[in-house]
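Take a look at the structure below.
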There are 2 protein chains.
Amino acid sequence: MRLLPHPATEDIQLTEVLRALSDPVRMEIVIRLALRGEMTCTTAGDDLGVHKSTASHHYRALREAGVIMSKQEGRLKYISLRRADLDARFPGLLDSILSAAHVPV
Amino acid sequence: MRLLPHPATEDIQLTEVLRALSDPVRMEIVIRLALRGEMTCTTAGDDLGVHKSTASHHYRALREAGVIMSKQEGRLKYISLRRADLDARFPGLLDSILSAAHVPV
DNA sequence: CTTATTGTTTGACAACAATCCAACTATGCG
DNA sequence: CGCATAGTTGGATTGTTGTCAAACAATAAG
């Protein structure tokens with residue numbers, strides 16, 4: 001099991017988080033993660049309407065902004081929302097964004 | 001006194017609001033409006049570090065996303081945050097973003 | 001009427017971003 | 001080992017964005 005580089009909680013920048021979530025494809029990925037929890041990249045990218053390499057690019061954007069966590073397990077890569085970290089850094093922000101996206105919090 | 005075209009409250013899109021706020025210059029403008037209320041474009045753009053035409057471009061981006069209101073009064077144009085509209089459309093969103101930006105709400 | 005003030009528009013330009021495709025890497029399976 | 005699966009990377013393309021400068025428009029003031 002390997003971890004990939006992620007920004008530390010205190011290094012997460014507000015405008016970068018907002019930027020990451022301002023793309024509809026990335027927002028949809030985040031919504032899926034919020035609804036269904038940790039999942040593999042393939043599952044997260046299913047029926048997303050973009051090429052898998054494009055999805056991969058979006059995973060990186062979300063990871064570098066501090067929105068998601070990735071961990072490699074064997075052949076699979078699991079991604080998940082950094083809910084606790086985001087809530088520690090920006091209390092209430094993720095919840096209000098998810099509510100705005102009609103995701104039950 | 002003239003009003004300029006703004007999106008109706010129900011037409012404000014989440015990703016467009018996040019996009020508008022993902023630029024540091026626009027975020028700073030919004031912070032100023034949150035702290036000091038309605039102000040003219042010149043006041044809002046003071047010491048922003050960008051050319052006035054660039055600031056004007058940002059006002060339009062914020063207006064088209066539904067984040068700010070503009071009204072022309074004589075030679076001056078006043079801009080203000082659409083707090084009530086944003087709160088009606090996305091409850092708690094603006095507050096949590098402003099809190100994240102260290103603006104007292 | 002002329003001038004100063006306030007802000008927008010247009011053009012140019014460089015940087016960035018979203019996308020697809022093809023090639024590649026890495027891991028597990030038989 | 002050889003093959004399939006899961007994802008990433010690099011290149012190409014196309015479009016968007018942030019910026020400045022210069023020209024413009026509209027209004028108020030002298």
Side-chain angles (χ1 to χ4, degrees), chain A residues 1-6 13-30 32-33 36 38-80, chain B residues 1-6 13 15-33 36 38-80:
Chain A
M1 200 265 277
R2 281 180 310 156
L3 281 153
L4 291 161
H6 299 78
Q13 297 303 310
L14 176 60
T15 50
E16 290 178 17
V17 170
L18 301 182
R19 173 90 190 61
L21 297 177
S22 71
D23 180 276
V25 174
R26 286 194 290 264
M27 178 63 83
E28 174 62 28
I29 293 169
V30 167
R32 291 179 181 193
L33 291 173
R36 292 147 58 189
E38 186 179 71
M39 56 180 77
T40 65
C41 289
T42 299
T43 306
D46 205 42
D47 294 318
L48 216 50
V50 296
H51 196 275
K52 64 171 181 169
S53 63
T54 303
S56 183
H57 152 73
H58 287 308
Y59 302 144
R60 185 174 54 181
L62 287 167
R63 175 169 56 77
E64 288 178 351
V67 177
I68 68 172
M69 251 268 300
S70 314
K71 67 176 182 201
Q72 187 94 31
E73 277 185 24
R75 198 163 37 166
L76 302 178
K77 187 170 179 181
Y78 289 89
I79 57 178
S80 55
Chain B
M1 199 263 278
R2 282 179 310 157
L3 281 153
L4 292 161
H6 299 77
Q13 297 303 312
T15 50
E16 290 178 18
V17 171
L18 301 182
R19 173 93 191 57
L21 298 177
S22 71
D23 180 274
V25 174
R26 286 193 292 262
M27 178 62 84
E28 174 61 28
I29 293 168
V30 167
I31 289 171
R32 291 180 181 192
L33 291 174
R36 292 147 58 189
E38 186 178 71
M39 56 181 77
T40 66
C41 289
T42 298
T43 306
D46 205 42
D47 293 318
L48 216 49
V50 295
H51 196 276
K52 64 172 182 170
S53 63
T54 303
S56 182
H57 152 74
H58 287 310
Y59 302 143
R60 184 173 54 180
L62 288 166
R63 176 169 54 78
E64 289 178 350
V67 177
I68 68 172
M69 251 268 298
S70 315
K71 66 174 182 200
Q72 187 94 33
E73 276 184 27
R75 191 163 46 164
L76 303 178
K77 187 171 180 181
Y78 288 89
I79 57 178
S80 55

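Here is the naming used below: chain letters follow the sequence lines, and residue numbers restart at 1 for every chain. Only a predicted model underlies this, so the values are computations on that prediction, with no experimental measurement involved.
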Going from CZ on B:Arg63 to CE on B:Met69, what distance comes out if it is rounded to the nearest 0.5 angstrom? 11.0 Å

Look up atom CG in A:Leu76 and atom NZ in A:Lys71, then write down how far apart they are to the nearest 0.5 Å. 11.5 Å

Run the side-chain contact (heavy atoms from CB on, under 4.5 Å) test on A:Val67 and A:Arg26 for me, step by step, so that the C-alpha distance in whole Å, both residues' side-chain angles and the decisive distance to 0.1 Å come before the verdict. CA-CA 10 Å; A:Val67 177; A:Arg26 286 194 290 264; over 6 Å; no

Mind calculating the distance between CD (B:Glu73) and P (D:dA26) to the nearest angstrom? 18 Å

Along nucleotides 10-21 of chain C, 5' to 3', which nucleotides get a B, which get an S, and which get a -, given that the test is a protein heavy-atom distance under 4.0 Å? -------SSBBB

Taking atom CD of A:Gln13 and atom CG of A:Leu18, what is their separation to the nearest 0.5 Å? 11.0 Å

To the nearest Å, how far apart are B:Tyr59 OH and C:dT6 P? 12 Å

State, with a plain yes or no, whether a side-chain heavy atom of B:Glu64 is found less than 4.5 Å away from one of B:Glu16. no

When the distance from CE of A:Met39 to C1' of D:dA6 is rounded to whole Å, what number comes out? 16 Å

Separation of atom CG in A:Leu18 from atom P in D:dT17, rounded to whole Å: 16 Å

Nearest-Å distance for atom pair CG/P, residues A:Leu76 and D:dT5: 13 Å

Value for CZ (A:Arg19) from CG (B:Asp23), rounded to nearest 0.5 Å, stands at 10.0 Å

To the nearest Å, how far apart are A:Lys77 NZ and D:dT8 C1'? 8 Å

Closest nucleotide among D:dT5, D:dT8, C:dT9 to the A:Arg75 side chain: D:dT5

